[in-house]
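Note on naming: letters A, B, ... go to the chains in the order of the sequence lines (proteins, then strands), and numbering restarts at 1 for each one. Values reported hereafter were calculated over all heavy atoms of this structure, with side chains retained and with hydrogens, waters and symmetry mates removed.
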Amino acid sequence: MIEVQDLHKQLGSQAVLRGVDLAVRRGETCVVLGRSGCGKSVLLKHLIGLFRPTRGMVFIEGEEISQLPERKLLEVRRKVGMLFQSAALFDSMTVEQNIAFPLREQGIRDSKTLRERVHEALEMVDLAGAEKKLPEKLSGGMRKRVGLARTIVGRPRCILYDEPTTGLDPITTDSINHLIRRLQKRLTVTSVVVTHDMKTAFHCADSVVFLHEGKVYFQGSVAELQASDDPVIADFILGRSGDTD
Amino acid sequence: MIRFAGRTALSFIIYLGEVAVLMRDTLLALLRGRVRWGLMLTQIAEMGFRSQIVVTVTGAFTGAVFAAQTFFQFSRLGMESAVGSVVSVSMFRELGPVLAGLMVAGRVGAAIAAELGTMKVTEQIDALRALGVQPVEYLVVPRAIALMLSMPLLVAECVGLSLVAGWLVGTKVLGISEAYFITNMQHYTDGNDIAWALSKGFVFGVIIVFVSCYEGLNAREGAVGVGRAPTEAVVRCSLTILVLNFFLSFALNILFPTS
């Protein structure tokens, strides 16, 4: 479903990605781990064409997208949904308008159909009844849920999650983790989750990729990750910085 | 020193090129017929309709004080009757478009840059792209059409109110003969002056919308970045309007010569 070959990305003077190779099978949830600033979000944005690689290729359902013109990319983006780190809700629109937005862009104008699809998406993220609220009135967890509802309402075949639990309390984090898993089962979508939250990784992952210094340092299952005695991975899992008081 | 001058010139050329690319993308979207009429009407209300107070108050008081000052100077030469024509020609050709442009740059340009800048740093523009929508089509095209339509009308209002205020001050306060005031105004003002004012309004509208959209879409991360975008937009729009007005006057004098 998703394949990345020898992906390089230079941002200014910094080489953020230095030859990333990655493959995610259809229906699988792949969690991308790594320290802050290691290029996880940059990698994710390449998968939906928001960034163009300096070198390398990105395939979505067999189609190479890294050199597609913006207009062709718009079609690819209808197959791939993305939940942004800040949820990126349109703050001038209500929850209902936010979720209906991608449907309207697809040309659906019938208000009954729109209402039903919005309600269905909100039910999936356990937020039914919040249609008329404005984003500014929502908590961090609710914003992420609305962002997720907006992502799934267009029925994408793949969902990309950028730090879905960052800034949330442990209970809300757990609830979002369950939601990611539940959506994957219910919608049978392929998912790529970028996070540095180990609980999210252990809960959601079918496979794990660990990015370090712009490259894939580890790729395997959760069990293999946990069993790894590599000091870089072990320090990350246990949250050891090596600093002393 | 030479390196600094070269770098400044180069960054200015790059800036102009990037604004030109934004204009090209907008034009292409327009040619493809990708206009969101609902959004455009909202922007006309926001940018055009709601700018009327600022523009008309500016026009009225400028017209009033201009008439008064012209009277004070001309009365020493016994030329009070020329006040109407001087106010009229000046307001149509120079002051009306420039003042309206500066006021709209302050009000609308800052708002556009702040709104788009906030959308940029909160990933809303990336979200638009991720949802299959081109930001230029959704954000720039409606604003561009709205301001290009609104700006000439705002200039017309500004000039219109300035003439009314000038007439009131000249004839009712300073005692200039109403007949002379109106006759001279009509005699020295024609369709070319109106075309001149509307053309400048249109060009200034283009500058305000594209410079402001560019600053917003290229805002840097953080509060400083979002704060700087409207400041840069207003400063650049204002300076461009003032400088371009000089060259535009020469060009328009060829297109719409003084009769």
Could you tell me whether Phe61(B) atom CZ has more than 12 heavy atoms of other residues or ligands within 6.0 Å of it? no
Decide side chain to side chain contact (heavy atoms under 4.5 Å, CB included) for Asp126(B) and Phe51(A); before the verdict, give the C-alpha distance in whole Å, the side-chain angles of both, and the deciding distance to 0.1 Å. CA-CA 10 Å; Asp126(B) 275 347; Phe51(A) 275 149; over 6 Å; no
Could you tell me whether the side chain of Ser86(A) and the main chain of Thr122(B) form a donor-acceptor pair under 3.5 Å? yes
Atom NZ of Lys133(A) with >12 non-hydrogen neighbours under 6.0 angstrom: no
Quick check, are the ring centers of Tyr138(B) and Phe101(A) under 6.0 angstrom apart? yes
Closest heavy-atom pair and its distance - Phe84(A), Ala127(B): CE1-CA, 3.5 Å
Just wondering, are more than 12 heavy atoms of other shown residues or ligands nearer than 6.0 Å to CZ in Arg182(A)? yes
Please look at Ile125(B) and chain A and tell me whether the side chain, the backbone, both or neither of the residue comes under 4.5 angstrom of a heavy atom of that chain. neither
Applying side chain to side chain contact (heavy atoms under 4.5 Å, CB included), run through Gln134(B) and Leu74(A) and close with a yes or a no. CA-CA 8 Å; Gln134(B) 281 204 326; Leu74(A) 298 182; 3.7 Å; yes
Residue Arg35(A) excluded, over 12 heavy atoms near CZ under 6.0 Å: no
Heavy-atom proximity to chain B below 4.5 Å, by part of Leu89(A): backbone
Could you look at Val80(A) and say if it's the side chain, the backbone, both or neither that has a heavy atom under 4.5 Å from chain B? backbone
Is there a side-chain contact between Gln124(B) and Asp91(A), using heavy atoms and a 4.5 Å cut-off? yes
Determine whether Met82(A) and Leu131(B) make a side-chain contact, defined as any pair of heavy atoms from C-beta on separated by less than 4.5 Å. no
The reported gap from CD in Glu123(B) to CG in Asp162(A) (rounded to nearest 0.5 angstrom) is 6.5 Å
Nearest heavy-atom pair of Ala130(B) and Leu50(A): which atoms, and what distance? N-CD2, 4.2 Å
Between CZ on residue Arg71(A) and CG on residue Leu28(B), distance to nearest 0.5 Å: 9.0 Å
Atom CG of Leu11(A) with >12 non-hydrogen neighbours under 6.0 angstrom: yes
Report which part of Glu75(A) has an atom under 4.5 Å of a heavy atom belonging to chain B: side chain, backbone, both, or neither. neither
Neighbour count >12 (heavy atoms, 6.0 Å) for atom OH, Tyr15(B): yes
Quick check: are there more than 12 heavy atoms from other residues, nucleotides or ligands sitting under 6.0 Å from CZ of Arg52(A)? yes
How about Arg25(A): does its CZ atom have over 12 heavy atoms from other parts shown lying under 6.0 Å from it? no
Salt-bridged, Glu105(A) to Arg36(B), with N to O below 4.0 Å? yes
Heavy-atom pairs under 4.5 Å with chain B, option from Glu70(A), Gln85(A), Gln106(A) with the top count: Glu70(A)
